2 protein chains.
Amino acid sequence: MARPTIYDVATAAGVATSTVSRAFSNPGRVSAETRERVLSSAAELGYRPNPHARALLSGRHHTVAMVVSDITNPHYFELIRGAEMRARMSEYTLLLVNAEESPRMEWEQIQRLAPAVDGFLLAASRLPDENLRQIADQRPVVLMSREVPGLASVVLDHVEGCRQIVAHLSSLGHRELVYLAGPRNSWMAATRWAALKEAAERAGTTARRIGPFTPKVSQGGAAADGALNDGASAIVAHNDLLAIGVIQRLTQRGLRVPADVSVVGFDNIFAADVCTPGLTTLGGAHVDLGRVAVELLLTADARADDDQPSVVLPTELVLRGSTGAA
Amino acid sequence: MARPTIYDVATAAGVATSTVSRAFSNPGRVSAETRERVLSSAAELGYRPNPHARALLSGRHHTVAMVVSDITNPHYFELIRGAEMRARMSEYTLLLVNAEESPRMEWEQIQRLAPAVDGFLLAASRLPDENLRQIADQRPVVLMSREVPGLASVVLDHVEGCRQIVAHLSSLGHRELVYLAGPRNSWMAATRWAALKEAAERAGTTARRIGPFTPKVSQGGAAADGALNDGASAIVAHNDLLAIGVIQRLTQRGLRVPADVSVVGFDNIFAADVCTPGLTTLGGAHVDLGRVAVELLLTADARADDDQPSVVLPTELVLRGSTGAA
DNA sequence: AACACGATGGCAACCCCTTGCCGCACGTTT
DNA sequence: AAACGTGCGGCAAGGGGTTGCCATCGTGTT
């Protein structure tokens, strides 16, 4: 038989549909006794509210969309996990959308979903600030791993993280490092480089940048060759995938890591722990990042437009075998 | 200003709302000229249909839900990617749901979402056959990495795959292998063991099973110790995570892989390629699996209830350093 | 005893879009 | 010229809930 509706429940309980509705969504508005009767009728019939009908009028969908710039990057899975957990805690559904590194596709998907979700989680968005503000005008938005003035965001503390990286390399005697940059339109790539350069200057270390590189293992070859050409004794890659590709290429070319070259990555993905040598990488509370982002999104209504928090979570430098004395 | 509705477009174009609706969803029903006028008015106003209102009446939501039993397992990422790609190709949205290995949670989430999605993709569902059939009565369902008579499914060819594993180990001189079983309610765990045992018998090899183990790296320790106790020269782990944990533990205990013990995994996750030694594992077209599953789901309406295909995709044994002569 | 007021339930409009059915204006057939 | 299509728009009824407003009832106040 067809799914029971609120009308069926109303008939069964001998009340009006409005009473049924209120019994569920506004318990204080009906007497305890009536409520009890409605709920038991509903349970008996196996009634479940139709989310679409509910959303149509109320405008609340109990759904948040998370848009990731590239779902193939294992780094995002931690964010997704955290977001999914927090969303489910509040009985929200997480919609996952992949933008495949294409700003246009990202924009279109967001526009398509805008009327159907309560807000957007944008992970490492490739859209320009301007567009992000437009989206924020329509729906609450929380940026992940990106900051834009006036918009809510959650990021890891890469300034401090880069300082740790430089300090670590410095203490091992490295006086020159090269940064393998990420994609041109990646905010993270710009941020990491700025923080790295600044930290290097303070530590009396030389930092150079080459790239940009698409942050995938397959690009590690080209990146490694470029880095060797540069002559630095330490390589800081835009992320772990690239770093792993670099190590593979270095090993293939007969260099020893870390005896000849040290390599550092970002993200602390699972593979960083099992590759050889283990990858020294800047990790952090990625699951928390996802969690906090949803938290911010769900509480967005309670904040004024000009009160959008920018949460910064701590990083931790995970030392493994890929870094050693210069 | 508020999002324009079909009424605004109708007014702007000087037609009735029904005409606007048809201009979009039933082009043959209006004259080319009228359609043109409606579309340009709509474009001008920036009109986008409200998916909820559309779904409410039509019953089609252009959304499919994918339920994974444990989102922390990187193996699923490939399935998710494939499913996401195929869904987007048809302008469908993919809803991602995590069941956290809990059948109860899986069931509740599915019931909650049932009225809001066009179908379910259930990856490695932990629900009993009975429940799966109930779900299939409500909505189209496609199982991934699981088979239930009468329901559509996509799986890798583990019978052939296990044969390959046994043949490989056999050719290296292994005469005894031990299988580290997956979770008790996992269909895959049962299937792999059955296939392995059968293949082993034919090859004149002894196969024993220990477990079950939760398929995580952290369980590799206990699994490895159990396997060593068994005395077999080759270990076949339920999946790569477990296998990697096993290798770590073996190495820690001073054994050499593969000189002392060979290890084989399942899934060919990214980390299998970068760990040391590289993990020999049974891979397959996981992205295709996701793709095909969505394909089946989207075409489910066209098939009779008793014509639910069970697609079997090929596997490939990826040889790496973790297996060697006995 | 007359009145005020809070608690509770029902009525009906509304959210936005789809679709069955009707009617009109043509063109075609015999 | 009468009888018939046929193509195309509009009307209006939902689809399943939510919510503003009104009616009713019981209790407390003076």
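Note that the structure is a prediction, hence the values are computed from the model and not measured. Residue numbering restarts at 1 for every chain, and letters A, B, ... go by the order of the sequence lines.
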Report task. Tell me which of B:Ser18 and B:Ala53 sits closer to the 5' end of DNA chain C, going by the nucleotide each one is nearest to. Result ->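 Here B:Ala53 is the residue nearer the 5' end.
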
Query raised in the report: For DNA chain D, what residues of residues 107-115 of chain A have any heavy atom nearer than 4.0 Å?
Result: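 Nothing qualifies; none.
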
Report summary line: Within residues 22-36 of chain B, the residues having a heavy atom closer than 4.0 Å to DNA chain D are B:Arg22, B:Arg29, B:Val30, B:Ser31, B:Thr34

Query raised in the report: If you measure from OH on A:Tyr76 to CG on A:Leu289, what distance do you get to the nearest 0.5 Å?
Result: 11.0 Å

Query raised in the report: Rounded to the nearest 0.5 Å, what separation is found between the CG atom of A:Leu56 and the CZ atom of B:Arg54?
Result: 13.0 Å

Query - Inter-end axis angle, the helix from C:dA1-D:dT30 to C:dT30-D:dA1, with every axis fitted to five base pairs (rounded, 10 degrees) - result: 40°

Report task. Shoot me the first and last contacting nucleotide of DNA chain C against chain B, ordered 5' to 3', at under 4.0 angstrom to non-hydrogen atoms. Result ->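 Counting from the 5' end, contacts occupy C:dC16 to C:dC21.
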
Report task. Scan for salt bridge (Lys or Arg N to Asp or Glu O under 4.0 Å) pairs involving residues 62-80 of chain B, sequence neighbours excluded, and state none if there are none. Result ->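 Qualifying pairs, neighbours excluded: B:Glu78-B:Arg81.
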
**Report entry** Start and end of chain A contact along DNA chain D [non-hydrogen atoms, under 4.0 Å]
**Finding:**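 From 5' to 3', the first and last contacting nucleotides are D:dG16 to D:dC21.
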
Query - salt_bridge(B:Arg104, B:Glu108) N-O dist < 4.0 Å - result: yes

Report task. Could you tell me which residues satisfy side-chain contact (heavy atoms from CB on, under 4.5 Å) with A:Asp137, sequence neighbours excluded, listed by chain and number? Result ->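 Testing A:Asp137 for side-chain contact (heavy atoms from CB on, under 4.5 Å), a comparison that skips the adjacent residues, returns none.
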
Report task. Kindly say whether A:Tyr7 contributes a backbone atom to a donor-acceptor pair with the side chain of A:Thr5 at under 3.5 angstrom? Result -> yes

Query raised in the report: Counting distance only, does the side-chain N/O of A:Ser25 pair as donor-acceptor with the main-chain N or O of A:Ser21 below 3.5 Å?
Result: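 Yes, because the side chain of A:Ser25 sits within donor-acceptor range (under 3.5 Å) of the backbone of A:Ser21.
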
Query raised in the report: In chain order, what residues pass the side-chain hydrogen bond (donor to acceptor under 3.5 Å, both in side chains) check against B:Ser90, with sequence neighbours excluded?
Result: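 B:Arg86.
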
Query raised in the report: Applying ring-ring contact (aromatic ring centres under 6.0 Å, His included), which residue pairs with at least one partner in residues 12-41 of chain A are found, sequence neighbours left out?
Result: A:Phe24-A:Tyr47

**Report entry** Listed once per pair and sorted, the side chain to side chain donor-acceptor pair (under 3.5 Å) pairs that draw on residues 32-46 of chain B, sequence neighbours left out
**Finding:** B:Ser31-B:Thr34

Requested in this report: Assign B:Val20 to base, sugar-phosphate, or nothing according to its heavy-atom contacts below 4.0 angstrom with the strands shown.
Outcome: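 Result for B:Val20 = nothing.
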
**Report entry** Listed partners of A:Arg88 passing salt bridge (Lys or Arg N to Asp or Glu O under 4.0 Å), at least two apart
**Finding:**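 Checked A:Arg88 against salt bridge (Lys or Arg N to Asp or Glu O under 4.0 Å); matches are A:Glu84, B:Glu100.
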
Query raised in the report: Which atoms form the tightest heavy-atom contact between A:Ala23 and A:Val38, and what is the distance?
Result: CB-CG1, 3.8 Å

Got a list of side-chain donor-acceptor pairs under 3.5 Å for residues 115-135 of chain A, not counting sequence neighbours?
residue  : atom : partner  : partner atom : Å
A:Asp118 : OD1  : A:His61  : N            : 2.8
A:Asp118 : OD1  : A:His61  : ND1          : 2.8
A:Asp118 : OD2  : A:His61  : N            : 3.1
A:Asp118 : OD2  : A:His62  : N            : 2.6
A:Asp118 : OD2  : A:Thr63  : N            : 3.4
A:Ser125 : OG   : A:Glu106 : OE2          : 2.6
A:Ser125 : OG   : A:Leu127 : N            : 3.1
A:Arg126 : NE   : A:Glu101 : OE1          : 2.9
A:Arg126 : NH1  : A:Ala124 : O            : 3.3
A:Arg126 : NH2  : A:Glu101 : OE1          : 3.4
A:Arg126 : NH2  : A:Glu101 : OE2          : 3.2
A:Asp129 : OD1  : A:Arg146 : NH2          : 2.7
A:Glu130 : OE2  : A:Gln134 : NE2          : 3.2
A:Arg133 : NH2  : A:Pro149 : O            : 3.4

